[in-house]
Protein chains: 2
Amino acid sequence: MTSRNSYHHGDLRQAVLAAALDVIAAEGPGALSLRDLARRAGVSHAAPAHHFKDRTGLLTAIAAQGYDLLADALADAPELSERGVRYVRFAVDHPAHFTVMFQPELLRADDPALLAAKDRASAELRAGVTGLGSVPDARTAGIAAWSLAHGFATLLLTHNLDDPVGGRDPGEVFRSLTGSMFGADLPRTKTEQRNG
Amino acid sequence: MTSRNSYHHGDLRQAVLAAALDVIAAEGPGALSLRDLARRAGVSHAAPAHHFKDRTGLLTAIAAQGYDLLADALADAPELSERGVRYVRFAVDHPAHFTVMFQPELLRADDPALLAAKDRASAELRAGVTGLGSVPDARTAGIAAWSLAHGFATLLLTHNLDDPVGGRDPGEVFRSLTGSMFGADLPRTKTEQRNG
DNA sequence: GCCCGTATCTAGTCATTGACAAGTTGCGGG
DNA sequence: CCCGCAACTTGTCAATGACTAGATACGGGC
């Protein structure tokens, strides 16, 4: 699957990406070694560079793929709270992507593919907020919602909430979180927002 | 200041720590090089190892210092919302510490100094929640508050909120955030919490 | 005032890595 | 059939983390 006996690997780009995700999820981006990934794929030490240019290029490709996956995950979610749940689930399901996406110093910020994917994801995030209706300050509410979901996801991935969450589905735990803050169900109406 | 003409540096540990914080704040933990820090301090390439053992030891020392600073910053804050503001301010004022503190794979998790400092900070965080009184689920509320502050801080440091925040004080922006979610002022009473 | 234990720092070394250059293989269009 | 180009290999260099052995000087004990 990952290596062939022919001169050409056949699918080296995917093989390296997959191996990289494993390493990052297990030991973080700092443990990434292009030469190690090459060994795992059974190719020479310089082969990965042809597909990703360098270490930064590989991480940038991962981040771009991550933003695309996030945009897909958020698409067609009815309520704001449901987008939050999906945001958290995305982080748990794709920890390596999520980790790399939010470490700008590891990435090539002007990469076209990265920018495009990031725009897609941003649009989906904003779409969730506009669904709130004409809330007093939709922008502030959007930042609050994003902060809540992002903080919960980050604390989860950094093992700061292992005890409270236990074995429960993190998405459901987050749902109960938003419930305890806003009341039973989101999105709230304009009137509720003013009184809340 | 950073180097002396005597054989002994005099304060190498502090000099290396300070230089490391600069590097991390500017280029992230991945850009840290013990040899580079040694050059900046004007000592031999192996000198820092005497104080921190290895790269992981240095990062662990920074994280421990960070948790101590955070505990200090949170101490004696009257309300929960004020602790949130201070949490965000800590992240903005000590970006290198904050970054390293929440990347467990960079640290030696069983380091005594790290564990002690982390416990201090945890106690301060929990103290803020108990101030809420007998809220339905204090633990859930605590996680929600921590997630909100942590997420906002993380998004700030990763330059995902540059436009919305502009030049304003991030602490004040966060204060307005909590206000838009919970109402005018925190902590809310038990009754408000039920109705909210 | 001297001596010695030890913390601090130096000098040298090795394996590993990222990055780059130059060459080889083989797929696929014309 | 052949040729351009993408995919991969081989070789190399500087930089780094980690380790070892040794030099230096600070400070307590006498």
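- When distances are taken from the side chain of S44(A) to each of dT9(D), dT12(D), dC9(C), the shortest belongs to dT9(D).
- In this structure, the CZ atom of F52(B) is 11 Å from the P atom of dT8(C), given to the nearest Å.
- In this entry the distance linking CG of D11(B) with C1' of dA7(C) reads 15 Å, nearest Å.
- Here the P atom of nucleotide dT10(D) and the NE2 atom of H45(A) are 8 Å apart, to the nearest Å.
- A centroid separation of less than 6.0 Å is found between the aromatic rings of F102(B) and H150(B).
- Protein atom CZ of R13(A) is 10 Å distant from nucleotide atom P of dA7(D), rounded to whole Å.
- Within 6.0 Å of atom CG in D76(A), 12 or fewer heavy atoms from other residues, nucleotides or ligands are found, so the atom counts as exposed in its surroundings.
- For R35(A), counting side-chain heavy atoms from C-beta on, the closest listed nucleotide (dA18(D), dG18(C), dC20(C)) is dG18(C).
- When the P atom of dT16(D) is taken as reference, atom CZ of R55(A) falls 14 Å away, rounded to whole Å.
- A side-chain donor-acceptor contact under 3.5 Å links T60(B) to the backbone of R108(B).
- Whole-Å rounding puts the L32(B) CG to dG17(D) P distance at 9 Å.
- Distances shown here put a side-chain N or O of H50(B) below 4.0 Å from the OP1 or OP2 atom of dT8(C).
- Listed pair R39(A) / dT17(C) meets the phosphate criterion, a side-chain N or O lying under 4.0 Å from OP1 or OP2.
- We find that CZ of R40(A) is positioned 11 Å from P of dT17(C), with the value rounded to whole Å.
- If you check dA19(C), dA11(C), dA18(D) against the side chain of D54(A), the one that comes closest is dA19(C).
- Within the structure, every side-chain polar atom (N or O) of H51(A) is placed at least 4.0 Å from both OP1 and OP2 of dA6(D).
- Residue contacts for L37(B): at a heavy-atom cut-off of 4.0 Å it reaches no nucleic acid atom on any strand shown.
- Listed for the R83(B) side chain is a donor-acceptor partner under 3.5 Å among the backbone atoms of E124(B).
- At dA15(D), none of the side-chain N or O atoms of S33(B) fall inside 4.0 Å of OP1 or OP2 (strictly under the cut-off).
- Judged purely by atom type and a 3.5 angstrom limit, R55(B) uses its side chain to pair as donor or acceptor with the backbone of L32(B).
- Across all strands shown, L58(B) has no heavy atoms under 4.0 Å from either base or sugar-phosphate atoms.
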